[in-house]
Amino acid sequence: MHTRKFEPLRGVLAEADEPLTAREILSLLEEREEFDNPHRVATVLGRWAERGEVEVIADSPYRYRLNT
């Protein structure tokens with residue numbers, strides 16, 4: 001799996017006090033080139049959720065947090 005793409009997302013989630021939406025995560029990434037839209041953020045986080053690294057909170061909109 002592409003750990004390189006997950007590391008910036010992990011960093012944002014690790015610093016968060018509460019679950020974040022993909023749009024909130026994207027805004028905190030300071031416009032990194034590999035993440036140009038919230039859908040891409042959600043796709044990467046969804047893949048890592050399948051591995052148990054991330055919890056997806058099925059709300060509207062979805063929210064994400066690290067599994068600890």
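Excluded from the calculations below are hydrogen atoms, water molecules and symmetry mates; all remaining heavy atoms, backbone and side chain alike, are included. Quick caveat: nothing in here was measured; it's all calculated off a predicted structure.
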Check: residues 16-26 side-chain donor-acceptor pairs under 3.5 Å, at least two apart:
unit_1 : atom_1 : unit_2 : atom_2 : d
Thr21  : OG1    : Glu24  : N      : 3.1
Thr21  : OG1    : Glu24  : OE1    : 3.4
Glu24  : OE1    : Thr21  : N      : 2.8
Glu24  : OE1    : Arg63  : NH1    : 3.3

What I want to find out is whether Glu50 reaches Arg47 closely enough, with some N-O distance under 4.0 Å, to be called a salt bridge. no
side-chain hydrogen bond (donor to acceptor under 3.5 Å, both in side chains) partners for Glu55, two or more places apart: Arg65
Can any side-chain N or O of Asn67 pair as donor or acceptor with the backbone N or O of Glu53 at less than 3.5 Å? no
Between Asn37 and Arg40, is there a donor-acceptor pair closer than 3.5 Å when you use the side chain of the first and the backbone of the second? yes
Indicate yes or no: at least one non-hydrogen side-chain atom of Val56 is less than 4.5 angstrom from one of Tyr64. yes
Kindly indicate whether the side chain of Phe35, heavy atoms from C-beta on, has any atom under 4.5 Å from the side chain of Leu9. yes
